[in-house]
Amino acid sequence: MQKLKLKDLDVRGKRVLMRVDFNVPMEKGKITDDSRIRAALPSIQYVLDHGGSLILMSHLGRPKGKPEKEFSLAGAAQRLSELLHMPVTMAPDCIGPEVAKMARQLKPKEILMLENLRFHSGEEAPDKDPDFVKQLASLGDCYVNDAFGTAHRAHASTAVIAQFFPNTSAMGFLIEKEIRELSPLLANPKRPFYAIIGGAKISTKLGVIKQLLSKVDALFIGGGMFYPFLKADGVAVGASICEDPAQIKDLPKDKFRFPKDLVIADRFANDAHVKTILVQEGIPPGWQGMDIGPQTVQAWSKELQQASTVFWNGPLGVFEMPRFASGTQQIAECLAQGRAKTIVGGGDSVAAIEQMGLQTKFTHLSTGGGASLEFLEFGHLPGIDVLTNR
Ligand code: AMP
C-alpha cells in the first residue's frame with residue numbers, strides 16, 4: 001500500500017508534529033555521534049522551507065516512564081540548533097498545559113523540541129494511558145513519522161498517534177529512503193543475492209534468517225550466531241556464547257555458509273591468549289570463539305566478490321575488541337571494494353563500517369537495526385502501516 005509522503009502534505013502555516021529518532025549515543029552528557037540528528041535534517045529543512053512550524057518528538061535511552069535528567073533531549077535540541085543555525089526551543093515536557101501553550105504560540109519556521117517521550121509510560125504502553133497520545137496529537141495539525149529506527153515499535157508516537165490524523169499522516173524523507181532501499185531485497189534483487197548475518201544471539205534473528213533463506217542464493221553466518229550450529233553438529237563449543245541448538249534444527253542447511261576456522265580466546269578480553277583453530281577441531285573447555293578466522297575470510301571474500309546484491313547485519317566477531325575485529329573489518333573491506341549493491345541493516349555492522357571510514361562505499365547503511373530486520377521479515381512495519389493511504 002502506498003503511503004502519504006511529506007511532499008504530499010501542505011505544510012504552509014501548519015504545525016507539523018514530527019516523530020524523529022534522536023536516540024543518540026551519549027557519554028557524560030555529551031553526544032558522541034549525531035548521525036541520527038543529521039539523518040532527520042532533510043525532512044526538518046523541508047518543513048521550514050515550506051512555511052510550516054515543527055514540533056519534534058523523540059525518545060532517548062530507557063528512562064522508566066518518569067523524568068530522568070540524564071535522558072533529557074536538551075542536548076539533542078542544542079545540537080540540532082547548531083546544525084540548522086537557528087534557535088530550537090526546548091519544551092519542559094512532551095505533554096501538559098505549558099507545552100500545549102508553547103505549541104499554540106509557535107510561528108511558521110519555528111521549532112519546538114518536546115522532552116523525552118519515555119518520561120511518560122503512555123509512550124511505550126499506549127493502551128494503559130490513552131490520554132497521553134491524545135494530548136500529544138493535540139499539539140499538531142498534521143503528523144510526520146521520520147523515525148525509521150523505531151518504526152517497528154507500536155508505541156504512542158510511532159503507531160497509535162496516526163489515527164488522530166486520518167488524512168494527514170505522512171512518512172518523512174528518511175523513512176521513504178529506507179523503504180526504497182530495503183524493498184527491492186524482498187521483490188526481485190539482482191542475483192547472486194547474498195546475506196551475511198552476525199551478532200550475538202540467533203534467537204533475535206531467527207525470523208529474518210528464515211525469510212532470507214527463501215530469497216538469497218547463500219547466507220553467511222558469523223559471530224555468536226554460529227555456535228548453535230556447531231553444537232548441533234556435535235562439535236565442542238567450549239565457553240562460546242551459544243544459544244539452544246534446538247532453534248536451528250529444522251532450518252534447511254543447503255544455503256548456509258559457515259566459518260571454516262575461528263579465532264578463539266581463553267577469556268572474553270582483548271589481552272586474552274588467542275589462537276586460530278579449524279572448526280572441526282572443536283573449541284577446548286574454557287576457550288571461546290571470538291571471530292571468524294583467516295581461511296573463512298578468504299573463502300567468503302572470494303564468493304562475496306561474485307555478488308550482485310548483499311544484505312549484511314551483525315558483526316562477525318567481538319569487533320569492539322581490536323584483536324577480534326579483523327573478520328568484520330576484512331569482510332567490510334571486501335564489500336567496499338566490490339561492485340555489488342550493498343545494504344547494511346543498522347546497529348553494530350554500520351558502526352564497524354563507520355569506524356573504518358568506509359560509509360561512502362556502501363549503497364545504503366540503514367538507520368534502524370531492529371526496524372530493517374523486521375521490515376525484511378514481515379514486509380511492513382507498525383509505524384508505517386498506520387500512515388494515511390495515498
Ligand atoms: P547483535 O546486536 O545481535 O547484532 O549483536 C552484536 C554483538 O554481538 C556485538 O556486541 C558483538 O561483540 C557480539 N558478538 C559477535 N560475535 C560474538 C562472539 N563470537 N561471541 C560473543 N559476542 C559476539
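Numbering of ligands and ligand atoms starts at 1, following listing order.
Residues E333 and Q329 bring no donor and acceptor atom of their side chains to less than 3.5 Å of each other.
For K205, a nitrogen or oxygen atom sits less than 3.5 Å from a nitrogen or oxygen atom of ligand 1, counting backbone and side chain alike. Checking only distances, E320 does come within under 3.5 Å of ligand 1, N or O to N or O. For A200, a nitrogen or oxygen atom sits less than 3.5 Å from a nitrogen or oxygen atom of ligand 1, counting backbone and side chain alike.
Ligand 1 has no atom lying under 4.0 Å from any heavy atom of M321.
Heavy-atom contacts of D348 reach the following atoms of ligand 1: 6 (C), 7 (C), 9 (C), 10 (O) (cutoff under 4.0 Å). Every atom of ligand 1 with a heavy atom of G289 under 4.0 Å away is listed here by number and element: 18 (C), 19 (N), 20 (N). Each of the following atoms of ligand 1 lies closer than 4.0 Å to a heavy atom of Y227: 19 (N).
We find that E243 and K205 are not joined by a salt bridge, their nearest charged nitrogen and carboxylate oxygen being 4.0 Å or further apart. In summary, E27 and K30 do not engage in a salt bridge, as defined by a charged side-chain N under 4.0 Å from a carboxylate O.
The backbone N or O of T363 lies less than 3.5 Å from a partner atom in the side chain of T342, making a donor-acceptor pair.
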Exercise for the section: Please test R19 against S157 for side-chain hydrogen bond (donor to acceptor under 3.5 Å, both in side chains), starting from the C-alpha separation and ending with a verdict. Expected result: CA-CA 7 Å; R19 177 57 157 103; S157 68; 2.7 Å; yes
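Considering R180, K341, E178 in turn, E178 is the only one that fulfils the side chain to side chain donor-acceptor pair (under 3.5 Å) rule with H364.
The protein non-hydrogen atom at the shortest distance from atom 15 (C) of ligand 1 is G317 O, 3.2 Å. Nearest protein heavy-atom contact of atom 21 (C) of ligand 1 is I241 CG2, 3.5 Å. When hydrogens are left out, the protein atom nearest atom 22 (N) of ligand 1 is V318 CG2, 3.7 Å; that is the closest non-hydrogen contact.
Counting only heavy atoms from C-beta outward, the side chains of I111 and S81 never approach each other to under 4.5 Å.
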